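What you see is a predicted model; the values in this text were computed from it and never measured. Below, all heavy atoms of this structure are taken into account, side chains as well, without hydrogens, waters or symmetry copies.
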Amino acid sequence: MRVVFAGTPEPAVPSLRRLLESPRHEVIAVLTRPDAVAGRGRKVSRSPVGRLADEHGIPVLTPARPSEPEFIEQLTELAPDCCPVVAYGALLPRPVLDIPRFGWINLHFSLLPAWRGAAPVQAAIDAGDEITGASTFQIEAGLDTGPVFGMVTEKISVADTAGTLLQRLAESGSRLLEATLDGVEDGTLQAVAQSTDGVSYAPKVGVEAGHIRWDQPALAISRRIRAVTPAPGAWTEVDGTRLKLGPVELVEEVLPERVIEVRKSGVLVGTATTAVRLDQIQPQGKRMMAALDWARGARLRPGAVVE
């Protein structure tokens, strides 16, 4: 099939790479979000998907909005058979959805209808799910409501962060997406309507979601930190200084809520249940470091608390 691939961030790259290597499908163009300012240098940079397309000499389309008449005209002229989508990052209007004869097929990182929306991996970890996965489905007007072609499952380990889990799903999902396109082209694969049971939503995770509430149980705190790692990142404040946190370890000891205590064995913080041991801390403007190294330099007053 002649396809126009739509995607933007790093998790979409394995799918684009697989389709570029496929003997059955020809990537005739890539649709990605416009170049944006990123990094400490605040330089304008291409999206990861755009960079891979550039390396292979594939035309890159970067409309501010996919509803722009110029983009609709470009896509109509390209006349793709299908448009596979992985984390493109913008809603697709009906005139655009109607252009390819096989429509737009999305790879979504959850077992639909669970965790529809922008942050399914973060939501699954935060909720304590033991199993998640990826689904391919036909895009329609609703939010991730279209009929499903196929799924793959993935176990969530107690050490998984959103980053490590998404990396695995991106790889297994790329194989699922290629197999879905093969089946659609052959006419051997039919999409099945999603169940109306078990619907849940995963809205976009903002910076404030990473602000840890220490009045929560230790297990909930651990899950939230892993869910927002690496982005947008977990954080707290001590004496007015913001600190970024890495994943924590659950311990059996009990401390008063929010109290931070430095010991030879590590840096402990009290929660609504048992304490947690901090592992890595990153003060503003500095590198990530071991929590004990940070504590030695911070010279915390007795009874200091996290906010």
Side-chain angles (χ1 to χ4, degrees), residues 109-110 114-115 117-132 154-168 200-284 286-296 298 300-307:
F109 297 117
S110 81
W115 305 127
V121 174
Q122 292 92 331
I125 292 176
D126 197 36
D129 293 353
E130 296 181 354
I131 299 291
T132 187
E154 185 74 38
K155 185 176 180 180
I156 302 177
S157 81
V158 295
D160 265 326
T161 64
T164 60
L165 179 56
L166 186 54
Q167 187 174 32
R168 296 202 306 277
S200 52
Y201 294 93
K204 185 177 180 180
V205 177
V207 172
E208 195 56 35
H211 188 184
I212 299 306
R213 291 181 51 190
W214 299 99
D215 59 350
Q216 297 290 305
L219 183 57
I221 289 171
S222 175
R223 288 171 177 167
R224 172 57 59 91
I225 292 173
R226 292 189 293 113
V228 297
T229 300
W235 59 278
T236 192
E237 291 186 352
V238 176
D239 293 335
T241 299
R242 180 177 290 199
L243 305 170
K244 187 174 182 180
L245 305 174
V248 298
E249 179 185 352
L250 304 181
V251 297
E252 295 183 357
E253 201 160 344
V254 176
L255 291 177
E257 283 182 18
R258 300 171 47 234
V259 168
I260 183 168
E261 194 168 300
V262 181
R263 302 181 181 178
K264 290 183 178 180
S265 61
V267 181
L268 305 184
V269 178
T271 76
T273 53
T274 53
V276 298
R277 180 180 290 113
L278 305 184
D279 181 26
Q280 297 285 309
I281 290 178
Q282 183 177 10
Q284 283 184 306
K286 297 185 178 181
R287 61 176 177 80
M288 189 71 80
M289 63 183 72
L292 271 176
D293 291 341
W294 164 79
R296 293 188 188 103
L300 300 174
R301 56 182 171 79
V305 297
V306 290
E307 301 287 349

Rounded distance (nearest 0.5 Å) linking atom [atom1] of [X] with atom [atom2] of [Y]:
X    : Y    : atom1 : atom2 : answer
T161 : I225 : OG1   : CD1   : 12.0 Å
T274 : E252 : OG1   : CD    : 8.0 Å
W115 : D129 : CH2   : CG    : 6.0 Å
I131 : E154 : CD1   : CD    : 8.5 Å
I281 : K244 : CD1   : NZ    : 13.0 Å
T236 : H211 : OG1   : NE2   : 5.0 Å

Does W235 form a side chain to side chain contact (heavy atoms under 4.5 Å, CB included) with V228? I'd like the steps, not just the answer.
CA-CA 10 Å; W235 59 278; V228 297; over 6 Å; no
Q) Does the pair V259 and V269 meet the rule for a side chain to side chain contact (heavy atoms under 4.5 Å, CB included), with working shown? A) CA-CA 6 Å; V259 168; V269 178; over 6 Å; no
Item to complete: Could you list the residues that satisfy side chain to side chain contact (heavy atoms under 4.5 Å, CB included) with A118, not counting sequence neighbours?
Response: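 Expected list: K204.
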* Residues two or more places apart in sequence or in another chain: which of them pass side chain to side chain contact (heavy atoms under 4.5 Å, CB included) with L250? ->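 Per chain and number, L250 pairs via side chain to side chain contact (heavy atoms under 4.5 Å, CB included) with A218, L219, S222, V276.
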Taking the side chain as every heavy atom from C-beta outward, state whether W294 and L292 have any pair of such atoms under 4.5 Å apart.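 In short, these two side chains do not touch, never coming nearer than 4.5 Å.
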In plain terms, say whether [X] and [Y] are close enough for a salt bridge, that is, a side-chain N and a carboxylate O under 4.0 Å apart.
X    : Y    : answer
R226 : D126 : no
R242 : E307 : no
R301 : D239 : yes

Trace of the side chain to side chain contact (heavy atoms under 4.5 Å, CB included) decision for T241 with E237 | CA-CA 5 Å; T241 299; E237 291 186 352; over 6 Å; no
Practice prompt. For R263, look at atom CZ and say whether over 12 heavy atoms of other residues, nucleotides or ligands are found less than 6.0 Å away.
Written response: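 Counting other residues, nucleotides and ligands, CZ of R263 exceeds 12 neighbours.
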Is it true that atom CD of Q167 has more than 12 heavy atoms of other residues, nucleotides or ligands lying nearer than 6.0 Å?
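Incorrect, the count does not exceed 12.
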Once side-chain hydrogen bond (donor to acceptor under 3.5 Å, both in side chains) is applied, do any residues pair with E257, and if so which ones, sequence neighbours excluded?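 E257 satisfies side-chain hydrogen bond (donor to acceptor under 3.5 Å, both in side chains) with no residue once adjacent residues are dropped.
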